[in-house]
Asker: 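What follows is a structure written as structure tokens; I'll ask about it next.
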Amino acid sequence: IIKNTFDVCNDFLDRTTFMINFYRRVPNYNFFRDFTDLNKADVQSHAFFHCMMPSKRFNEMNIKIAEEIIKKNGLYVSGFVAPEYFWYNNIADILEKRNYKNSNSLGFDYSNYPYNPVINEKLYNYIELPVEPITYNKFIKFSNQKNKDNLNKDYFDYIENKFNILGEPICIYGHPGVEGRHPEILKQ
């Protein structure tokens with residue numbers, strides 16, 4: 001299923017961002033090499049584990065391990081994406097210390113223009129890139145639609161309406177296992 005996602009994205013690597021975590025891939029940390037050439041896409045760290053914790057020490061280790069694996073694969077990473085809705089203020093300090101240029105922290109903010117975050121009265125140097133919080137997976141889960149064609153149309157209508165109402169930049173995100181089951185979403 002993940003291969004389907006990569007197959008569709010391979011035609012659009014110049015506008016695709018892959019956010020990679022590794023905990024399910026032990027010890028095959030270069031699994032993505034089987035699917036695509038990530039040197040042609042934007043790659044961002046998604047931590048080693050698919051979670052963050054209140055512990056700054058854990059978060060530093062989690063971010064550092066993923067960063068090292070990505071670097072060992074010859075890829076440059078300037079962005080970080082906090083998994084799911086796991087956001088703790090200590091993450092901002094870690095990103096700043098490790099010289100990340102941007103973050104996409106799903107639980108931190110999702111309705112705004114890109115900006116430098118202010119946390120506990122401190123202005124950070126990295127840029128926060130808000131995203132649309134409704135993944136296709138969540139849309140499927142909470143929709144009353146049973147017809148797939150109608151569901152896809154409803155999802156695209158939702159995204160288009162949100163974009164037109166707010167007039168803000170929009171970044172749609174998802175997980176490759178879900179979008180791999182629905183490659184028509186990616187093709188749009």
Side-chain angles (χ1 to χ4, degrees), residues 5 9 12-23 32 36-138 158-176 179 186 188:
T5 300
C9 291
F12 306 101
L13 290 178
D14 62 333
R15 63 201 97 160
T16 300
T17 297
F18 291 100
M19 297 156 253
I20 301 174
N21 65 51
F22 299 93
Y23 76 105
F32 49 81
T36 194
D37 179 2
L38 289 184
N39 291 308
K40 297 178 182 174
D42 179 40
V43 176
Q44 297 191 10
S45 174
H46 199 39
F48 181 83
F49 296 104
H50 197 250
C51 68
M52 303 305 283
M53 299 289 176
S55 164
K56 183 175 182 179
R57 186 171 171 209
F58 173 85
N59 292 338
E60 283 179 312
M61 179 262 326
N62 195 9
I63 291 170
K64 183 180 178 188
I65 291 171
E67 191 178 289
E68 289 172 354
I69 293 169
I70 292 169
K71 284 181 182 176
K72 281 182 185 175
N73 277 279
L75 300 169
Y76 171 75
V77 175
S78 64
F80 177 78
V81 178
E84 294 289 332
Y85 300 99
F86 295 103
W87 175 259
Y88 301 96
N89 287 347
N90 66 56
I91 296 169
D93 292 329
I94 297 165
L95 298 179
E96 186 93 350
K97 177 182 164 188
R98 301 192 72 76
N99 295 315
Y100 279 88
K101 302 214 181 318
N102 59 71
S103 178
N104 176 273
S105 307
L106 306 175
F108 184 67
D109 188 11
Y110 62 85
S111 181
N112 213 328
Y113 289 92
Y115 62 94
N116 294 86
V118 176
I119 301 169
N120 295 329
E121 299 180 21
K122 178 181 177 184
L123 176 66
Y124 286 85
N125 288 322
Y126 70 89
I127 295 178
E128 184 67 34
L129 304 171
V131 298
E132 168 52 45
I134 306 299
T135 65
Y136 187 64
N137 186 44
K138 288 182 182 175
Y158 166 79
I159 296 297
E160 186 176 318
N161 287 336
K162 180 176 173 66
F163 178 75
N164 288 334
I165 290 169
L166 298 176
E168 296 174 351
I170 189 164
C171 175
I172 302 168
Y173 77 100
H175 290 89
E179 280 67 21
L186 291 171
Q188 285 285 349

Asker: Tell me whether Asn21 contacts the main-chain N or O of Ala47 through its side chain, where contact means a donor paired with an acceptor under 3.5 Å.
Answerer: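 Side chain of Asn21 to backbone of Ala47, a donor-acceptor pair under 3.5 Å: no, none is there.
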Asker: Do the side chains of Phe58 and Phe49 get nearer than 4.5 Å, heavy atoms only?
Answerer: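 Answer yes - side chains close enough.
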Asker: What I want to find out is whether Lys71 reaches Glu67 closely enough, with some N-O distance under 4.0 Å, to be called a salt bridge.
Answerer: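 Yes, charged N to carboxylate O under 4.0 Å.
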Asker: Kindly determine whether Glu96 and Asn125 satisfy side chain to side chain donor-acceptor pair (under 3.5 Å), including the steps that lead there.
Answerer: CA-CA 7 Å; Glu96 186 93 350; Asn125 288 322; 2.9 Å; yes
Asker: Does a side chain donor of either Tyr124 or Asp93 reach within less than 3.5 Å of an acceptor in the other side chain?
Answerer: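 Checked: Tyr124/Asp93 side chains pair up, N/O donor to acceptor below 3.5 Å.
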Asker: With heavy-atom distances below 4.5 Å as the criterion, would you say the side chains of Asn116 and Glu128 are in contact?
Answerer: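 Answer no - side chains too far apart.
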Asker: Taking the side chain as every heavy atom from C-beta outward, state whether Phe18 and Cys9 have any atom pair closer than 4.5 Å.
Answerer: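 Counting from C-beta outward, Phe18 and Cys9 do come under 4.5 Å.
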Asker: Asn39 versus Leu13: any side-chain heavy-atom pair under 4.5 Å?
Answerer: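 The answer is no; the side chains never approach within 4.5 Å.
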Asker: Take Lys72 and Ile70 through the side chain to side chain contact (heavy atoms under 4.5 Å, CB included) test and state the conclusion after the steps.
Answerer: CA-CA 5 Å; Lys72 281 182 185 175; Ile70 292 169; over 6 Å; no
Asker: Could you go step by step and tell me if Lys101 and Ile127 meet the side chain to side chain contact (heavy atoms under 4.5 Å, CB included) rule?
Answerer: CA-CA 6 Å; Lys101 302 214 181 318; Ile127 295 178; over 6 Å; no
Asker: What is the minimum heavy-atom distance between Leu129 and Pro114, and which atoms define it?
Answerer: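 Heavy-atom minimum between the residues: CD2-CB, 3.8 Å.
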Asker: Is a side-chain N or O of Asn73 found less than 3.5 angstrom from the main chain of Ile69, in a donor-acceptor match?
Answerer: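 It does hold such a pair.
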Asker: Nearest 0.5 Å, what's the CG-CD distance between Leu75 and Gln44?
Answerer: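 Leu75 atom CG to Gln44 atom CD measures 12.5 Å (nearest 0.5 Å).
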Asker: Check the surroundings of atom NZ in Lys40: do more than 12 heavy atoms from other residues, nucleotides or ligands lie under 6.0 Å from it?
Answerer: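 Not more than 12 within 6.0 Å, no.
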Asker: Please evaluate residues Asn89 and Asn120 with respect to the criterion side chain to side chain contact (heavy atoms under 4.5 Å, CB included), reporting the C-alpha separation (whole Å), side-chain torsions for both, the decisive distance (0.1 Å), and the verdict.
Answerer: CA-CA 8 Å; Asn89 287 347; Asn120 295 329; 3.7 Å; yes
Asker: Indicate the ring-plane relationship of Tyr23 and His50, choosing parallel, tilted or perpendicular according to the 30° and 60° boundaries.
Answerer: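 Geometry flag for His50 against Tyr23: parallel rings.
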Asker: Nearest 0.5 Å please: distance from the OG atom of Ser45 over to the NZ atom of Lys64.
Answerer: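 If we round to the nearest 0.5 Å, Ser45:OG and Lys64:NZ are 13.5 Å apart.
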Asker: Give the intermediate values and the outcome of side chain to side chain contact (heavy atoms under 4.5 Å, CB included) for residues Phe80 and Tyr126.
Answerer: CA-CA 10 Å; Phe80 177 78; Tyr126 70 89; over 6 Å; no
Asker: Any side-chain heavy atom of Ser103 within less than 4.5 Å of one from Val81?
Answerer: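 With C-beta onward as the side chain, the pair stays apart.
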Asker: With heavy-atom distances below 4.5 Å as the criterion, would you say the side chains of Tyr100 and Val77 are in contact?
Answerer: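 SC-SC contact between Tyr100 and Val77 confirmed.
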Asker: With a 4.5 Å heavy-atom cut-off, do Met52 and Asn90 have their side chains touching?
Answerer: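 Contact flag for Met52/Asn90 side chains = no.
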Asker: Would you name the heavy atoms of Phe48 and Ala66 that are closest together and state the gap between them?
Answerer: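 Shortest heavy-atom contact: N-CB, 3.5 Å.
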Asker: Quiz question: by atom type and distance under 3.5 Å, do the side chains of Glu60 and Asn62 form a donor-acceptor pair?
Answerer: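 Distance-only check fails for Glu60 and Asn62.
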